[in-house]
Q: 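Take a look at this one; I'll ask things after.
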Protein chains: 2
Amino acid sequence: MEQRRIYELIDKYIELTHEVWKNSENLIREEISEDLTNDQHYILRYIYKNGKATTTGLAEAFSVQKSAITAIVNRLVDKNLIMRTYDEADRRYIFLTLTEEGKKQFEKTEKKIFNLVKSFIIKFDREEIENFIKTYEKLASIIREIR
Amino acid sequence: MEQRRIYELIDKYIELTHEVWKNSENLIREEISEDLTNDQHYILRYIYKNGKATTTGLAEAFSVQKSAITAIVNRLVDKNLIMRTYDEADRRYIFLTLTEEGKKQFEKTEKKIFNLVKSFIIKFDREEIENFIKTYEKLASIIREIR
DNA sequence: TTTATTAGTTCAACAGTTGAACTATATATC
DNA sequence: GATATATAGTTCAACTGTTGAACTAATAAA
C-alpha cells in the first residue's frame, strides 16, 4: 500500500475511534446514568458473564490498578448490587458476585444499551456488519498481543 | 437477519468496542503520559487541525460541558501549550491557539500515537482495512444523526 | 433602555485513576 | 518450625475529567 494512503487511513482511524467511542459512551450514559455510571455497568457485566470475579481478575481485564477496582466495587457494594465473599480455601481471595438486585439492575441496564446498539447495527446489511465485526475481532487480538 | 445472529453481533460489538478502546487508550497513555494525558492530546489535536478553537466549539466537538473544557484548557495554558486571545470583533469569544511549544509537543506526541496505530493497521491487507474504515465512517455518521 | 441571549469561568461535588504503603494470608526456603 | 518471600486486597493522597448551577461580561433583541 502506498505510504500516503496508509497515512490517511491511520488518521481517519484515530479520529473515528475517538468520535464514535465518545458519542457512544454519551448515548449510553444518557440511557443509564440515573442508575449506574458506564464503568459500573461494565464491572457488573463482567461479573454477570463470568458468574464471579476477583479484584485482581477485574484489574487485569480492565487494564487498571487493583485500587481502581476496589473503588468502583465499593460503590457497587454500597448500592447493594455486589457481594464480597471470602474464599475459604484461600482466604486471600475475595469473590465478587452479584446480588439479586445486582442481576436485575444489570439486566435492565444492559437491555437499554442493547437496544441502543441495535438501533444502529440494524442500519447495515448483514454482510457488511459481519465483516466489520470480523475485522474488529482481528484488531482486538492484535492489540491483545501487543500488550 | 435472524434474531439470534443479530443478538450475537450486538453482544460482540459491545464487548469488542470496550476492550479495543480501553486497551488502545492504555497503549497511548504508556507512550505519552510523561508529557500529556490522552484527553489533553485530543484537545491539542482539535486545535492543531482547525488552527483555532473556542470553548463552546470544543465542548460541542467532544460532547461535554463547557466547564470541562475550561478545566483541560487551564492545564494546557499552565503548561504553555495553548494561548487564549480575545476576539476584538466580539469580545465574548476567546480564541484558543497553540503556542510554538504546543505545536511541537502535539507533533511529537501525535507521531508516537501514529506509529502505534500504524503498527497494528499494517497487519491487515488493504481491502480489509479500507472496508473497515468505510463501515466505521458510516457508523460514525449514523451515531451523529442519533445525537 | 430594558431584557434576552451568548461565551466563558468558577466552584462544589463526584467518579475514576495511579502509585505507594499497608494488612492479611499463603508458599518457599533454610 | 521459623523466617523470608509472594500474593490478594485495601487505604490513602493526589490528580484528571466530568456535571450542573451560579456567576461575569459582552452582544443582540424588544
Side-chain angles (χ1 to χ4, degrees), chain A residues 18 21-23 25-30 32-44 46-47 52-79 81-97, chain B residues 18 21-23 25-30 32-44 46-47 52-79 81-97:
Chain A
H18 187 242
W21 175 256
K22 265 279 190 176
N23 284 334
E25 284 295 282
N26 273 317
L27 288 168
I28 291 173
R29 217 188 61 239
E30 281 164 23
I32 74 172
S33 67
E34 53 194 317
D35 294 315
L36 295 170
T37 66
N38 293 10
D39 286 322
Q40 286 168 3
H41 176 76
Y42 295 135
I43 297 286
L44 292 189
Y46 183 94
I47 302 175
K52 63 184 178 184
T54 61
T55 304
T56 304
L58 281 166
E60 274 162 20
F62 288 75
S63 307
V64 294
Q65 297 292 324
K66 290 184 290 179
S67 50
I69 300 297
T70 298
I72 299 177
V73 166
N74 281 342
R75 289 180 199 111
L76 290 168
V77 169
D78 290 346
K79 288 183 178 185
L81 302 177
I82 278 187
M83 269 174 57
R84 284 185 168 102
T85 352
Y86 278 100
D87 177 7
E88 286 306 323
D90 185 339
R91 288 182 55 79
R92 285 174 302 182
Y93 289 85
I94 293 177
F95 290 131
L96 305 168
T97 52
Chain B
H18 186 243
W21 176 255
K22 265 279 188 174
N23 284 335
E25 283 294 283
N26 274 318
L27 288 168
I28 291 174
R29 215 189 61 237
E30 279 164 23
I32 73 172
S33 66
E34 55 195 317
D35 294 316
L36 295 171
T37 65
N38 293 9
D39 285 323
Q40 285 167 5
H41 174 78
Y42 296 136
I43 296 287
L44 292 188
Y46 183 95
I47 302 175
K52 64 183 177 184
T54 60
T55 303
T56 304
L58 282 165
E60 275 163 17
F62 287 76
S63 307
V64 294
Q65 296 291 324
K66 290 184 290 178
S67 52
I69 300 297
T70 299
I72 299 177
V73 166
N74 281 341
R75 291 183 196 110
L76 290 167
V77 169
D78 289 348
K79 290 183 178 184
L81 302 177
I82 278 187
M83 270 174 55
R84 284 186 168 102
T85 350
Y86 278 98
D87 177 8
E88 287 306 324
D90 183 340
R91 289 182 53 79
R92 285 174 303 182
Y93 288 85
I94 293 178
F95 289 131
L96 304 168
T97 52

Q: Taking the nucleotide of DNA chain C with the nearest heavy atom to each, does Thr55(B) or Ala71(A) sit closer to the 5' end?
A: Thr55(B)

Q: What residues form a side chain to side chain donor-acceptor pair (under 3.5 Å) with Lys79(A), not counting sequence neighbours?
A: Gln40(A)

Q: In whole Å, I'd like the distance from the OH atom of Tyr86(A) to the C1' atom of dA24(C).
A: 8 Å

Q: Among all residues two or more places apart in sequence or in another chain, which pass the side chain to side chain donor-acceptor pair (under 3.5 Å) test with Tyr42(A)?
A: Glu25(A)

Q: Write out all pairs satisfying side chain to side chain donor-acceptor pair (under 3.5 Å) with one or both partners inside residues 65-75 of chain A, taking only residues at least two apart or from two chains.
A: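 The answer is Asn74(A)-Arg84(A).
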
Q: When the side chains of residues 86-97 of chain A are checked against the rest of the protein, which donor-acceptor pairs come out under 3.5 Å, sequence neighbours left out?
A:
from: Asp87(A); atom 1: OD1; to: Ala89(A); atom 2: N; distance (Å): 3.0
from: Glu88(A); atom 1: OE2; to: Arg91(A); atom 2: NH1; distance (Å): 3.2
from: Asp90(A); atom 1: OD1; to: Arg92(A); atom 2: N; distance (Å): 3.1
from: Asp90(A); atom 1: OD1; to: Arg92(A); atom 2: NE; distance (Å): 3.1
from: Asp90(A); atom 1: OD2; to: Arg92(A); atom 2: NH2; distance (Å): 2.8

Q: Apply side chain to side chain contact (heavy atoms under 4.5 Å, CB included) to Glu34(A) and list each qualifying residue two or more places apart in sequence or on a separate chain.
A: Lys112(A)

Q: With sequence neighbours left out, what residues match Asn23(B) under side chain to side chain donor-acceptor pair (under 3.5 Å)?
A: Ser63(A)

Q: Five pairs per end, C1' atoms only: what is the angle between the end axes of the helix from dT5(C)-dA26(D) to dC30(C)-dG1(D), to 10 degrees?
A: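 Comparing the axis at each end, I get an angle of 10°.
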
Q: Can you name the residues that form a salt bridge (charged side-chain N to carboxylate O under 4.0 Å, His left out) with Glu30(A), not counting sequence neighbours?
A: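 Listed in chain order: Arg147(B).
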
Q: Between residues 58-69 of chain B and DNA chain D, which residues have a heavy-atom gap below 4.0 Å?
A: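 Residues of residues 58-69 of chain B under 4.0 Å from DNA chain D: Val64(B), Gln65(B), Ser67(B), Ala68(B).
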
Q: How do Thr56(B) and Arg92(A) order along DNA chain C: which one's closest nucleotide is nearer the 5' end?
A: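 Looking at the nearest nucleotide for each, Thr56(B) comes out on the 5' side.
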
Q: Students should find this one: the first and last nucleotides of DNA chain D, 5' to 3', lying under 4.0 Å from a heavy atom of chain B. What are they?
A: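 First and last nucleotides in contact are dT16(D) to dT27(D).
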
Q: Within less than 4.0 Å of OP1 or OP2 of dT17(C), is there a side-chain N or O belonging to Arg29(B)?
A: no

Q: Considering residues at least two apart in sequence or located in another chain, which fulfil the salt bridge (charged side-chain N to carboxylate O under 4.0 Å, His left out) criterion with Arg29(A)?
A: none

Q: Under the side chain to side chain donor-acceptor pair (under 3.5 Å) rule, collect the residues that match up with Asp39(A), sequence neighbours excluded.
A: none

